[in-house]
Amino acid sequence: MQKELLVTDAQTLAFETNCHLFKDCGFQAPSVWSFLFEPLFTIGPVEFNKPMLLAIIGTFAILAFFWAGFSKPKVVPGKLQMVAEALYDFVHRGIAKEVIGKKGEPFVPLLVSLFFFVWILNLWAVIPIAQFPVSSVIAYPIGLALVVWVTYMTVTFRSNGFVGGIRNLCVPSGLPKPIYVLLTPLEFISNVFVRPFTLAVRLFANMFAGHILILIFTIATWYMLGTVLGTVYASASFVMTLVLTVFELFIQALQAYVFTVLTATYLSQALEEAH
């Protein structure tokens with residue numbers, strides 16, 4: 001059954017191209033097959049597929065861009081160096097310093113890496129040929145959330161010690177003591193379990209939903225072609241596809257920003273002294 005659901009890289013939309021409106025065939029909406037791909041090759045038990053390839057290409061693209069921008073820095077920067085500096089400063093000043101403050105300097109490389117990696121994983125959705133947001137596969141947001149969670153826990157206990165770290169995670173200051181009986185376990189569950197879960201699901205759900213919407217209107221555009229009336233419907237669907245694509249560009253950048261800001265917020269709280 002699973003083999004039947006998988007699609008090749010050339011079948012990202014995976015719908016019957018001869019099926020059109022008024023031709024006795026139903027609209028083939030995207031489903032689970034839009035997110036499953038035949039492996040390009042296998043290494044032992046590991047199947048290397050299209051999302052993996054896009055993630056690797058994205059990683060090297062980010063490294064190549066910043067290497068080209070900063071490998072030979074000049075006092076009077078060229079265009080590429082100016083763009084690289086502006087993007088770096090956006091995360092450095094706009095997120096690390098604003099959210100964490102002076103203590104955020106050691107975490108700037110992590111925050112910069114997270115922002116641009118998440119962004120390019122999302123951006124693949126609107127790049128021709130690729131046309132697939134890697135972060136719509138739940139494994140990738142979970143992996144990133146685990147990186148954040150491990151860093152968050154490490155910083156919490158390294159900064160406050162074991163007892164102080166537990167207090168930091170579970171015992172907010174300035175509240176009446178009887179409230180802690182109920183609040184302490186809720187804070188523990190929220191900070192240790194809910195935070196990484198929501199961090200991953202928020203990114204995954206937005207990219208998954210956006211990809212489904214674009215697929216629906218793209219397939220509908222082709223499906224409704226064939227008659228004069230159908231072409232009118234197809235034109236409206238095509239316009240909607242373009243609108244959603246532009247909107248998706250905004251959401252892709254926003255989700256990368258939200259993911260990074262939340263990471264910085266968690267690190268800021270981890271660095272606070274327990275009371």
Side-chain angles (χ1 to χ4, degrees), residues 1-21 23-42 46-59 61 117-145 197 199-226 230 233-256 259:
M1 178 64 70
Q2 185 178 3
K3 291 290 185 180
E4 294 175 359
L5 292 173
L6 297 175
V7 295
T8 64
D9 295 335
Q11 296 173 309
T12 304
L13 298 181
F15 62 95
E16 178 55 55
T17 56
N18 293 324
C19 184
H20 293 285
L21 186 64
K23 288 191 175 181
D24 297 326
C25 58
F27 175 71
Q28 300 180 36
S31 183
V32 65
W33 42 257
S34 300
F35 298 88
L36 297 172
F37 296 86
E38 288 281 3
L40 300 173
F41 57 86
T42 59
V46 179
E47 295 184 344
F48 190 90
N49 57 18
K50 180 177 180 177
M52 292 181 183
L53 177 62
L54 294 178
I56 291 174
I57 293 174
T59 301
F117 186 62
V118 172
W119 192 10
I120 201 163
L121 291 187
N122 298 343
L123 197 61
W124 284 119
V126 295
I127 295 178
I129 300 176
Q131 295 176 303
F132 184 80
V134 178
S135 45
S136 67
V137 177
I138 188 64
Y140 294 91
I142 287 176
L144 291 169
F197 175 78
L199 194 64
V201 171
R202 183 185 294 106
L203 175 60
F204 159 73
N206 278 278
M207 292 302 100
F208 182 91
H211 187 56
I212 285 287
L213 281 173
I214 291 177
L215 280 180
I216 287 173
F217 284 96
T218 302
I219 296 172
T221 301
W222 180 260
Y223 173 71
M224 289 185 287
L225 288 173
Y233 296 152
S235 299
S237 180
F238 179 70
V239 170
M240 194 63 191
T241 303
L242 296 179
V243 171
L244 285 172
T245 300
V246 173
F247 182 68
E248 190 67 7
L249 284 169
F250 169 73
I251 296 298
Q252 289 162 358
L254 178 63
Q255 287 305 310
F259 194 97

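Any value given below was found using the heavy atoms of this structure, including those in side chains, with hydrogens, waters and symmetry copies removed.
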Please report the closest heavy-atom contact between [X] and [Y], naming both atoms and the distance.
X	Y	answer
Leu54	Ala130	CD2-CB, 3.8 Å
Ile127	Leu123	CG1-O, 3.4 Å
Val118	Ala256	CG1-CA, 3.7 Å
Ala61	Ile120	CB-CD1, 4.1 Å

Taking the side chain from [X] and the backbone from [Y], do they hold a donor-acceptor pair closer than 3.5 Å?
X	Y	value
Asn49	Pro39	no
Thr221	Phe238	yes
Trp124	Gln131	no
Gln252	Asn122	yes

(Q) Any heavy-atom pair between the side chains of Phe259 and Arg202 that's under 4.5 Å? (A) no

Pairs under 3.5 angstrom only: tabulate donor-acceptor contacts from the side chains of residues 239-251 to other protein residues two or more places apart or in another chain.
residue, atom, partner, partner atom, Å
Thr241, OG1, Phe217, O, 3.4
Thr241, OG1, Ser237, O, 2.9
Thr245, OG1, Thr241, O, 2.8

Please list, one pair per line, the donor and acceptor atoms closer than 3.5 Å that link side chains of residues 138-145 to other protein atoms, with sequence neighbours excluded.
residue, atom, partner, partner atom, Å
Tyr140, OH, Met52, N, 3.3

Q.
List the residues meeting ring pair (Phe, Tyr, Trp, His ring centres under 6.0 Å) with Phe48, not counting sequence neighbours, and say none if there are none.
A. Phe41

Q | All side-chain contact (heavy atoms from CB on, under 4.5 Å) counterparts of Ser235, not counting sequence neighbours | A | Thr231

Reported [atom1]-to-[atom2] distance for the pair [X] and [Y], which is rounded to 0.5 angstrom:
X	Y	atom1	atom2	result
Ser135	Gln255	OG	CD	8.5 Å
Leu36	Lys50	CG	NZ	13.0 Å
Ser136	Asn206	OG	CG	11.5 Å

Q: If the plane angle is over 60° it's perpendicular, under 30° parallel, otherwise tilted; pick one for Phe37 and Phe132.
A: perpendicular

